[in-house]
Protein chains: 2
Amino acid sequence: MDERKDKYAALKLENQLCFPLYACSKEIIRRYRPYLDELDLTYTQYIAMMVFWEEKQCSVKALGKKLFLDSGTLTPVLKSLEQKGYVKRQRSAADERLLIVAITEKGENLKERAIAVPQKIAGCIQLEPQESVALYQLLHKVLGNMEE
Amino acid sequence: MDERKDKYAALKLENQLCFPLYACSKEIIRRYRPYLDELDLTYTQYIAMMVFWEEKQCSVKALGKKLFLDSGTLTPVLKSLEQKGYVKRQRSAADERLLIVAITEKGENLKERAIAVPQKIAGCIQLEPQESVALYQLLHKVLGNMEE
DNA sequence: TATAAATAAATTGTATGCAATTTAATTTTG
DNA sequence: CAAAATTAAATTGCATACAATTTATTTATA
């Protein structure tokens, strides 16, 4: 089979870039599940907590920008995190349109237990350090290219 | 801030590999939408059609293996594709447990219109050829590592 | 060969994702 | 300053994802 003559080559699953991205992302997130179950967090809740572990508080808008998610996704996620007691949600006094989400003491404490997760995931991705760096840079380059 | 002394560095969003994978995947799929809308396909329906454009027919099980999806996801996707007239679904005569999904004439015809999509997506990913190859290989390496 | 084990889809239940719309608050403008 | 435009969340509707269970069929085995 001469690929130069296959006008449909670009439509083959094996020639896609997005598909392995999509598959890889889903498969890794599936690997997170047993570890996140122990923390009573979903992956989406986990990446939201990562922001709060770094920043203490954040508006829904700002969180959405960091996580590439909109309020349609975040509102139920943040309500769930509030229910678990990891964050508080309250409107900004300065601008009532903004909902400020702030981490609680219980949310801070969770960080200690979450600290073991990244190691375990790295163990299942199994890339050499320089490969991880290369992948990281390529992904951020694509994200940057799409921002334009 | 000396990173060597930050025991929480691994929990920072900027130090994750899975997160940019997840974000990249979602953002690219979002870029597919306007092009796939013209074909009346979602991304999941599109990657399923890619398999049928190559293979003519396939069981749900085999399709799930290729796409990293289970019957819980595929059943409604395939019913939807059948409704649009792009595939037929029928039980295998040899093994009634198997549902064989086969592409229709209308599904085959769709391929001609889909042929323009990959180019348009490549345009928004904007990687140099050697970067695309590197990303492709790293993603497949990770997928391979996780199969074990 | 009758029964147990295994297999394939479908179903059920929960949690995203995201476009589009709605609601409330703030900013811009005529 | 009042009306229009903008902005931020929430809501709505639809389509995934996936674990767990159920149902139907086939294979393995006592």
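All heavy atoms count here, side chains included; hydrogens, waters and symmetry mates do not. Residue numbers start from 1 in every chain, and the chains themselves are labelled A, B, ... in the order their sequence lines are given, proteins ahead of strands.
Rounding to whole angstrom units, CZ of residue A:R97 and C1' of D:dT6 are separated by 8 Å. The distance between atom CG of B:L99 and atom P of D:dT26, rounded to the nearest whole Å, is 14 Å. The separation between B:F68 atom CZ and D:dA17 atom P is 14 Å, rounded to whole Å. Whole-Å rounding puts the A:L98 CG to D:dA9 P distance at 5 Å. Protein atom CZ of A:R31 is 15 Å distant from nucleotide atom C1' of D:dA19, rounded to whole Å. Per the geometry, CG belonging to A:L36 stands 15 Å off C1' belonging to D:dA19, to the nearest Å. In this structure, B:E27 places its CD atom 11 Å from C1' of C:dC18, rounding to the nearest Å. Distance B:R33 CZ to D:dA15 P: 10 Å, rounded to the nearest Å.
The residue B:S80 sits apart from the nucleic acid: no heavy atom pair falls under 4.0 Å. Residue B:L74 is classed as having no contact, given no heavy-atom separation below 4.0 Å to the nucleic acid. At a threshold of 4.0 angstrom between heavy atoms, the contacts of B:K79 are confined to the sugar-phosphate backbone, with no base atom among them. Note on B:D95: only backbone sugar-phosphate atoms sit closer than 4.0 angstrom, heavy atoms only; bases stay farther off.
Crowding of B:E108 atom CD: a count of heavy atoms from other residues, nucleotides or ligands under 6.0 Å exceeding 12.
Of the two residues contacting DNA chain D, namely B:T73 and B:A93, the nearest-nucleotide position lying further toward the 5' end is that of B:T73. Looking at which nucleotide of DNA chain C each of A:E96 and B:P76 is closest to, the 5′-most match is held by B:P76.
The side chain of A:T42 sits closest to C:dA15 out of C:dC18, C:dA10, C:dA15. Looking at the side chain of A:S71, the nearest of the listed nucleotides C:dT27, D:dA10, C:dG17 is D:dA10. Considering only the side chain of A:R91, D:dA10 comes nearest among D:dA17, D:dT26, D:dA10. The side chain of A:T75 lies closest to D:dA9 when the candidates are D:dA9, C:dC18, D:dT6. With C:dA10, C:dT16, C:dA9 as the choices, the nucleotide that has an atom nearest any side-chain atom of A:T44 turns out to be C:dT16. Across D:dT16, C:dA19, D:dA10, the shortest atom-to-atom separation from the side chain of B:Q45 is found for D:dT16. Here the nucleotide nearest the side chain of A:L69, chosen from D:dA9, D:dC18, C:dC18, is C:dC18.
The aromatic rings of A:Y22 and B:Y43 stand perpendicular to each other, their planes meeting at an angle above 60°, with 30° marking the opposite boundary.
The side chain of B:Y22 contributes an N or O atom lying less than 4.0 Å from OP1 or OP2 of C:dG17. Distances shown here put a side-chain N or O of A:K61 below 4.0 Å from the OP1 or OP2 atom of D:dA8. Residue B:R89 places no side-chain N or O under 4.0 Å from the OP1 or OP2 atom of C:dA8. Using a 4.0 Å cut-off, some side-chain N or O of A:S59 falls inside it from OP1 or OP2 of D:dA9.
Shortest non-hydrogen contact noted between B:I29 and A:C18 is CG1-SG, 3.7 Å. Between A:K84 and A:D40, the shortest heavy-atom distance links the atoms NZ-O, 3.2 Å. Annotation for B:C58 and B:K66: closest pair SG-CE, 4.3 Å, computed over non-hydrogen atoms.
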If you look only at distance, which donor and acceptor atoms sit under 3.5 Å apart when one is on a side chain in residues 45-52 of chain B and the other is two or more places apart or in another chain?
from	atom 1	to	atom 2	distance (Å)
B:Q45	OE1	B:T42	N	3.1
B:Q45	NE2	B:S80	OG	3.1

